[in-house]
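All values derive from a computational prediction rather than experimental measurement.
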Amino acid sequence: MSRKDGKNDGEKRQGGRKSRSKQGTPRGPGSKRPKTPPKTPKVERNPRENPMSGATQDLLQVISEGGKALKGKKSGLSEELLLGMYRSMVQTRLLDERMINLQRQGRIGFYVPSTGEEASQVGSALAFEEEDWIYPSYRVPGLFLQRGVPIERMVANCFGNDADLCLGRQMPVHYAFKDQNIVSISSPIGTHIVQATGTAMAQKIKGSSGVTAVMFGDGGTSSNDFHSGMNLAGVTRAPCVFICTNNQWAISVPQEKQTASKSFAIKAKAYGMPGVRVDGNDVLAVYKATKSAVDDARAGKGPTLLELVTYRRGPHSSSDDPTRYRGNQADEWMDKDPILRFRKYLENQDLWSEVQENALHEELKAGINASVKVAENAPQPALETLFTDVFEKVPPYLREQYETLVQDEGTGHEPDPDAAFPL
Amino acid sequence: MSRKDGKNDGEKRQGGRKSRSKQGTPRGPGSKRPKTPPKTPKVERNPRENPMSGATQDLLQVISEGGKALKGKKSGLSEELLLGMYRSMVQTRLLDERMINLQRQGRIGFYVPSTGEEASQVGSALAFEEEDWIYPSYRVPGLFLQRGVPIERMVANCFGNDADLCLGRQMPVHYAFKDQNIVSISSPIGTHIVQATGTAMAQKIKGSSGVTAVMFGDGGTSSNDFHSGMNLAGVTRAPCVFICTNNQWAISVPQEKQTASKSFAIKAKAYGMPGVRVDGNDVLAVYKATKSAVDDARAGKGPTLLELVTYRRGPHSSSDDPTRYRGNQADEWMDKDPILRFRKYLENQDLWSEVQENALHEELKAGINASVKVAENAPQPALETLFTDVFEKVPPYLREQYETLVQDEGTGHEPDPDAAFPL
Amino acid sequence: MSQITLVQAVNDALKEEMRSDNDVVVLGEDVGVNGGVFRCTADLVEEFGEERVIDTPLSESGIIGAAIGMAVYGLRPVPEIQFSDFIWPAFDQITSEMAKMRYRSGSQFTCPMVIRTPYGGGIRGGLYHSQSPEAYFTHTSGLTVVVPSDPYDAKGLLKAAIRSPDPVIFLEPKRIYRAPKMEVPEDDDYIVEIGKAAVRREGTDFTITAYGAMVEVALKACELAEKKGWNGEVLDLRTLVPLDEESLIASVTKTGRLVTLQEAPKFSGYSSELSAIVAEKAIDVMEAPIRRVAGFDVPFPYTLEHVYMPHAERVLKAVDDVMTF
Amino acid sequence: MSQITLVQAVNDALKEEMRSDNDVVVLGEDVGVNGGVFRCTADLVEEFGEERVIDTPLSESGIIGAAIGMAVYGLRPVPEIQFSDFIWPAFDQITSEMAKMRYRSGSQFTCPMVIRTPYGGGIRGGLYHSQSPEAYFTHTSGLTVVVPSDPYDAKGLLKAAIRSPDPVIFLEPKRIYRAPKMEVPEDDDYIVEIGKAAVRREGTDFTITAYGAMVEVALKACELAEKKGWNGEVLDLRTLVPLDEESLIASVTKTGRLVTLQEAPKFSGYSSELSAIVAEKAIDVMEAPIRRVAGFDVPFPYTLEHVYMPHAERVLKAVDDVMTF
Ligand SMILES: Cc1ncc(C[n+]2csc(CCOP(=O)(O)OP(=O)(O)O)c2C)c(N)n1
Ligand SMILES: Cc1ncc(C[n+]2csc(CCOP(=O)(O)OP(=O)(O)O)c2C)c(N)n1
Ligand SMILES: [Mg+2]
Ligand SMILES: [Mg+2]
């Protein structure tokens with residue numbers, strides 16, 4: 001958008017650009033209007049320089065992009081933990097591939113891949129304790145795996161069967177795992193950010209030493225409840241860690257159209273808390289930054305905003321076609337594979353080999369296959385699950401609706417085979 | 001609020017503080033509970049230091065607190081303009097006093113005083129051109145006066161009579177003045193902030209050279225649409241000036257409970273625009289800062305956030321009793337009178353005298369009196385105004401409701417004499 | 001028993017529940033030192049401290065969103081929205097989150113919380129301090145919607161709401177906040193069950209349904225009708241969801257004539273549901289059209305408020321219609 | 001005339017109005033280069049440029065709030081909300097601001113704008129991509145609410161909405177976005193008048209009211225009923241506010257039997273208003289109870305969507321009820 005030079009004041013001029021009517025005075029349906037002269041449209045990017053694109057020098061890093069340990073930076077993690085993280089990252093990638101595949105075959109209805117963002121998910125997951133509560137986004141399967149959620153539960157959710165803890169009520173990937181203190185995911189963007197603040201306040205009120213973490217995207221920072229959640233956490237010094245996974249896109253909207261701020265981390269200043277930018281493709285940097293924020297929160301030092309800079313290499317979801325809006329300009333980031341980077345690091349430390357890699361893939365694939373097989377053969381949720389869990393007890397009017405339904409069904413009505421989610 | 005030290009995890013422990021039930025398992029209505037042991041409550045202020053309280057050194061100033069021109073600072077305004085501003089400030093104060101008086105006598109239903117905030121209103125008003133659009137808050141009568149709104153119109157609004165441009169549909173002080181491009185005020189806090197961004201975008205789209213300004217309070221910065229409006233303006237570089245009148249209170253909530261940010265101006269960083277802190281009791285500083293932001297916006301340099309630091313010396317509204325929540329701790333600011341300060345300045349420049357002061361008060365009071373007299377004797381809005389302006393044309397179903405009403409009335413039903421607005 | 005106002009009844013209910021359950025917390029704008037702009041939370045911060053009586057920043061979505069996070073964790077928050085007209089910034093949290101948390105998680109997570117908010121006209125509050133928003137909530141599956149009409153109910157229903165395992169919208173009729181005092185039990189165990197209507201006046205000729213401040217108007221209309229020799233029944237719904245359908249059907253089955261009464265605009269309002277239920281389940285007993293008395297389908301006015309608000313004379317007109325059909 | 005889908009009809013309407021009036025602008029999430037996630041705004045940015053086709057940050061209150069500011073200034077914005085399920089962050093702007101701007105300012109300021117948003121189930125979208133929110137808008141004075149049921153109407157109604165002097169909520173039934181194509185006029189002056197229902201099938205025995213994707217279901221139910229010898233009439237409401245009350249009353253006066261049909265949950269839903277109007281104005285012509293077929297009063301499910309959605313067989317059951325009463 002560029003400012004018009006002419007002195008024309010839109011409201012007052014008569015000629016110039018066509019304007020159907022003065023405000024509040026609509027033209028009648030039938031009146032004649034002149035044909036438009038052809039116009040040369042400009043489709044151009046917001047001209048502001050994008051301070052985040054390309055380089056990652058100003059980001060917190062532990063591993064170099066080539067997989068070397070950076071001078072003076074130590075992970076401080078045991079071999080077991082390092083390999084565990086690697087395992088979760090690979091498992092996430094394989095699950096992604098399989099689920100997208102099943103979606104393409106019409107065997108599940110929808111999926112949200114996170115390819116390229118495995119480090120940000122797994123690195124942060126390790127920083128939390130059991131007692132901590134997590135409000136995840138819909139794009140962090142690696143976090144669940146790293147935190148110990150059984151993969152069968154995740155697959156069951158994607159099939160929406162009766163083993164799904166959410167009883168097939170939500171679209172795939174909208175998980176909820178009470179056992180791991182992972183709060184129910186909903187589709188509306190941003191609502192969970194202020195809920196996390198509330199949970200963190202409750203932890204403080206109840207005298208728990210737990211903290212709360214919440215994940216959201218670059219797009220999520222524009223939501224109302226990013227604002228309300230961050231502000232309230234700032235004022236109350238709630239033990240909350242706000243994790244923005246900046247994958248540089250919100251469906252088709254690039255980060256520089258999302259906000260004009262210098263970075264996402266800098267938004268912390270509006271709420272009186274620290275903001276830290278981290279290389280989100282560096283699993284050890286993510287761990288380090290998250291751990292430090294979690295420790296601070298637990299120690300009563302208040303909330304932190306983390307910005308994990310990574311890249312959404314795939315489509316937004318199984319319904320999205322990114323070539324429509326980003327063509328090929330994304331190459332540079334396409335090559336940054338956090339798994340490869342971490343693998344090189346492990347190999348450089350003599351912790352990993354090709355043989356181990358192959359065995360791991362075999363094992364993880366077998367596990368996914370087994371889960372898929374079970375899930376695909378599981379029954380649908382029972383008819384009555386339509387009516388349960390609206391309230392603790394099914395009230396009379398819902399029981400009546402259920403009973404009418406039972407009477408009515410068996411009329412031969414079947415699911416629409418053409419119904420498919422378009423986004 | 002201070003963090004508990006104990007390791008007690010609220011969800012799991014059995015003893016400790018009483019907790020009626022596990023989550024989701026309510027206790028039955030009749031069951032017995034132990035009596036609470038007496039608890040020593042703490043009522044304490046948020047312990048964070050308040051970076052804004054007291055001193056005004058770090059603020060943009062032109063006139064010293066004692067009324068002297070500060071070294072090297074020039075107003076750049078003609079004598080006529082300076083005296084015009086002073087006139088508006090005094091008129092605002094007198095209108096305030098009269099309206100609060102009328103409210104106390106039950107002759108109008110409600111009023112919002114702005115005593116102590118005259119400089120911020122009048123100083124900014126002068127910075128706008130005729131073509132500019134204004135989204136005011138409910139606490140800026142001085143802006144309207146300075147911008148040329150006839151005082152009769154304002155008084156008519158407070159009486160809600162048929163000369164009120166809003167036809168008595170809104171509470172007092174919720175003005176709308178199309179002739180001055182002053183957009184309709186509504187009660188919900190913050191909604192107008194993003195509307196201002198939209199109007200500024202429209203000015204750009206229509207090729208107008210006008211800009212848009214929006215006023216809101218310190219409390220208003222917590223609203224959702226502060227966030228959405230500032231962010232969108234940042235991205236689109238809309239010609240918009242955001243003016244936060246920080247009078248340090250939102251009803252009973254002090255600024256340090258409103259946000260933890262270092263200042264309100266610093267919130268601009270979250271949106272990629274400049275933020276400026278100004279002594280809001282210095283009418284020339286306010287003018288200078290606003291003018292500069294307006295010039296920038298007009299020149300295509302994008303939006304600015306201004307924070308005008310002042311103080312709400314009176315109650316929040318005619319229904320509020322501030323002694324309930326702020327006792328006497330506010331003394332220091334109570335003494336900072338922006339009108340006195342400007343008067344001293346004018347006197348120091350030999351532009352003003354006691355004689356002039358008295359004459360001005362006489363004249364302005366007479367004008368207010370005349371407006372009150374007219375307004376009090378004006379008729380109520382006609383019955384049909386209940387149904388007009390919902391849509392451009394009254395649709396059949398509303399016409400039907402109107403006709404039924406006309407038939408029904410005359411049953412002797414009268415206004416409730418006890419109805420009074422409690423806030 | 002003591003003689004108290006509706007405001008005091010709310011205040012007492014909060015105090016009793018906060019004393020007996022440490023998980024009950026109150027949050028909202030000006031609820032702390034100021035005690036709420038209507039004084040419903042007066043003295044709470046002094047007794048329970050700032051940790052459990054929280055003055056929040058000016059953000060309704062923040063208040064409700066945070067309360068959801070607290071409820072999900074195991075507290076029983078009672079957020080206050082200063083005027084129900086200002087609840088809309090929180091509507092996403094209410095309708096997308098609070099109402100659906102239990103369903104979408106298969107009861108893994110729940111939201112036991114009560115949103116208290118004053119509503120309704122009659123206080124010279126104009127467009128944005130007078131509205132009656134109940135219909136926006138009654139259509140949202142997962143919400144319980146309660147409207148007391150006097151101090152006795154206000155206390156008992158609020159206590160029951162706070163103990164409920166699911167979210168409750170608790171609409172307080174501000175016009176009668178300080179209306180004549182009433183005897184209200186002080187027994188800690190006293191509650192009024194959610195989901196039960198109350199017959200405020202027994203009658204045989206026609207039924208008026210009402211709730212909140214309109215109950216009084218309905219009773220007054222019945223007095224006027226009595227002069228014409230008609231004997232009206234007033235059903236105070238008390239809980240809008242779940243509706244006490246049984247009592248509604250029972251009353252119209254007896255009287256065969258129904259006038260519904262609400263302050264909110266008529267079109268697509270809550271009372272339309274009452275008509276629809278009767279037209280679906282009891283049309284055969286109806287001896288006259290179902291007349292609705294309601295606010296006009298316009299925004300709420302300031303100066304002409306007394307014309308806008310349904311009053312007894314207007315209700316009587318509707319009674320006349322159904323009695324002389 | 002050309003054969004087009006509902007998506008194309010929307011797209012064509014936008015193009016035509018944008019060509020003939022430079023004040024028409026489009027804004028929303030992904031409406032630019034991406035052409036909207038349903039492709040309704042495809043190719044607009046190429047033709048009209050980024051100044052008039054604006055990709056916004058992820059904020060619905062921002063989209064609607066900014067559009068209000070544009071409309072007040074003199075533009076005719078057509079904001080898109082990606083799914084109607086995500087409209088709630090903007091509800092404050094819609095209900096407190098857009099709907100009341102004209103009234104509260106005595107027509108000094110107005111909001112000529114159209115909020116387009118896809119709604120409804122049947123696409124395997126689960127809880128948050130399937131809801132039907134019309135009742136939240138039909139209760140708000142100042143809003144016009146339009147729901148097309150086919151490409152012809154979609155184009156004509158959208159064009160009329162964009163030319164309207166007041167705000168319109170334009171709900172697009174996404175299940176039939178790509179349903180069978182239809183002949184739609186290409187004449188720039190072609191519009192479908194707001195406020196008129198359409199009789200989609202004439203009949204004498206019973207009336208079904210429907211709108212959006214449910215019209216097709218109503219027609220199918222009538223086919224099934226025909227086999228039983230019952231001749232149904234289908235009234236496609238097209239505009240929910242202002243309701244074409246005349247057509248409704250005319251139809252039930254003819255048939256004496258009414259089944260209302262909507263996807264949205266039943267309780268306090270839009271169809272309840274239809275029952276209420278009939279029960280208020282035409283109860284004496286009714287020969288049977290008014291039956292409502294609607295979504296269940298639960299959040300929208302994913303796996304069991306096909307059970308949740310009203311279908312022809314379920315409507316037939318209700319027809320049976322009213323015919324055999
Ligand atoms: C309130 C709301 N508006 C719009 C959408 C549709 N939508 C789903 S995801 C998305 C983009 C989110 O981007 P970001 O926050 O960056 O997360 P990412 O998808 O990149 O992980 C949008 C617009 C939504 N789910 N909720
Ligand atoms: C959305 C909303 N919530 C609450 C209120 C009630 N209310 C009116 S003014 C006010 C405080 C505003 O404070 P601030 O923005 O600092 O402006 P000031 O009154 O100090 O000028 C509150 C809470 C409201 N009008 N709108
Ligand atoms: Mg993103
Ligand atoms: Mg203030």
Side-chain angles (χ1 to χ4, degrees), chain B residues 133 135 164-170 174-179 181-188 190-206 208 210 212 223-225 227-229 231-236 238 240 381 385 388-393 395-398 400, chain D residues 22-23 25 27 50-52 54-75 77 79 89-90 92-93 95-113 141-144 164-167 195 241-246 277:
Chain B
W133 277 52
Y135 283 83
D164 170 17
L165 295 172
C166 303
L167 293 164
R169 289 175 182 139
Q170 293 224 61
H174 291 70
Y175 308 104
F177 302 115
K178 173 78 181 187
D179 284 350
N181 293 340
I182 292 170
V183 182
S184 166
I185 300 172
S186 73
S187 309
T191 47
H192 64 320
I193 303 177
V194 61
Q195 292 168 14
T197 300
T199 294
M201 290 168 75
Q203 287 170 315
K204 217 168 143 179
I205 292 171
K206 281 222 164 202
S208 158
T212 300
S223 72
N224 290 339
D225 287 324
H227 188 55
S228 68
N231 194 45
L232 187 61
V235 172
T236 59
C240 198
T385 62
T388 52
D389 301 327
V390 183
F391 302 98
E392 189 191 44
K393 297 200 185 93
Y397 69 101
L398 286 185
E400 185 183 317
Chain D
N22 280 332
D23 287 342
V25 301
L27 65 162
E50 288 201 347
E51 212 173 51
R52 291 178 63 200
I54 305 161
D55 266 337
T56 66
L58 206 168
S59 167
E60 285 72 17
S61 76
I63 294 167
I64 302 304
I68 292 172
M70 292 173 173
V72 155
Y73 185 76
L75 296 183
D92 190 29
Q93 287 289 347
T95 202
S96 303
E97 299 289 324
M98 185 179 85
K100 298 176 173 60
M101 183 65 79
R102 183 190 279 281
Y103 196 75
R104 77 177 194 226
S105 71
S107 281
Q108 290 183 85
F109 297 95
T110 63
C111 275
M113 58 187 277
S141 306
L143 299 183
T144 295
S164 159
D166 287 303
V241 179
L243 170 67
D244 184 352
E245 204 179 287
E246 225 171 286
I277 287 174

Heavy-atom check, side chain of B:E392 versus side chain of D:T110, under 4.5 Å: no

Which heavy-atom pair separates D:Q108 from B:K178 by the least distance, and what is that distance? OE1-N, 2.8 Å

Heavy-atom distance under 4.5 Å to chain B: side chain of D:L143, backbone, both or neither? backbone

Backbone N or O of D:A66 within a donor-acceptor pair of the B:Q195 side chain at under 3.5 Å? no

Which pair of non-hydrogen atoms, one from D:G69 and one from B:Y135, has the smallest distance, and what is that distance? CA-OH, 3.5 Å

Quick check: do B:F391 and D:S164 have side-chain heavy atoms less than 4.5 Å from each other? no

Using a 3.5 Å distance criterion without hydrogens, assess whether the side chain of D:E97 forms a donor-acceptor pair with backbone atoms of B:T191. no

Side-chain heavy-atom pair D:K100, B:S186 within 4.5 angstrom cut-off: no

Pick from D:S61, D:A67, D:P57: which one has the most heavy-atom pairs with chain B under 4.5 Å? D:S61

About how many Å separate CD1 of B:I182 and OG of D:S105, when rounded to the nearest 0.5 Å? 13.0 Å

Looking only at heavy atoms, the pair that brings B:G198 and D:M70 closest together is O-CG, 3.3 Å

Looking at every heavy atom in both D:G62 and B:L232, which two are closest together, and how far apart are they? O-CD2, 4.2 Å

With a 4.5 angstrom heavy-atom cut-off, is it the side chain or the backbone of B:T385 that approaches chain D, or both, or neither? backbone

Residue part contacting chain D, namely of B:I193, when any heavy atom lies under 4.5 Å: neither

Check each atom of B:Y175 against the heavy atoms of chain D and say whether the ones under 4.5 Å are side chain, backbone, both or neither. neither

Any donor and acceptor pair, going by atom type alone, linking the side chain of B:R169 with main-chain N or O of D:Y103 inside 3.5 Å? yes

B:V183/D:Y73 under side chain to side chain contact (heavy atoms under 4.5 Å, CB included): CA gap, chis, key distance, verdict: CA-CA 9 Å; B:V183 182; D:Y73 185 76; over 6 Å; no

Measure the spacing between OG1 of B:T236 and CG of D:D55 and express it to the nearest 0.5 Å. 13.0 Å

Could you have a look at B:P188, B:A196, B:P395, B:S187 and say which one has the most heavy-atom pairs with chain D under 4.5 angstrom? B:P188

Give, for atom OG of D:S59 and atom CG of B:D225, the distance between the pair rounded to the nearest 0.5 Å. 7.0 Å

So, the side chain of B:D389 versus the backbone of D:R104: is there a donor-acceptor pair under 3.5 Å, distance only? no

Looking only at heavy atoms, what is the nearest atom pair of D:G65 and B:V194, with distance? CA-CG1, 3.7 Å

To the nearest 0.5 angstrom, please state how far the CG atom of B:N181 sits from the CZ atom of D:F109. 6.5 Å

Value for CZ (D:R102) from OG1 (B:T388), rounded to nearest 0.5 Å, stands at 10.0 Å

Would you call B:K206 and D:D23 a salt bridge, taking side-chain N to carboxylate O under 4.0 Å as the test? yes

Let me confirm one number: the CD1-CD1 distance from D:I54 to B:I205, rounded to the nearest 0.5 Å. 4.5 Å

Is it the backbone or the side chain of B:T212 that comes under 4.5 Å from a heavy atom of chain D, or both, or neither? neither

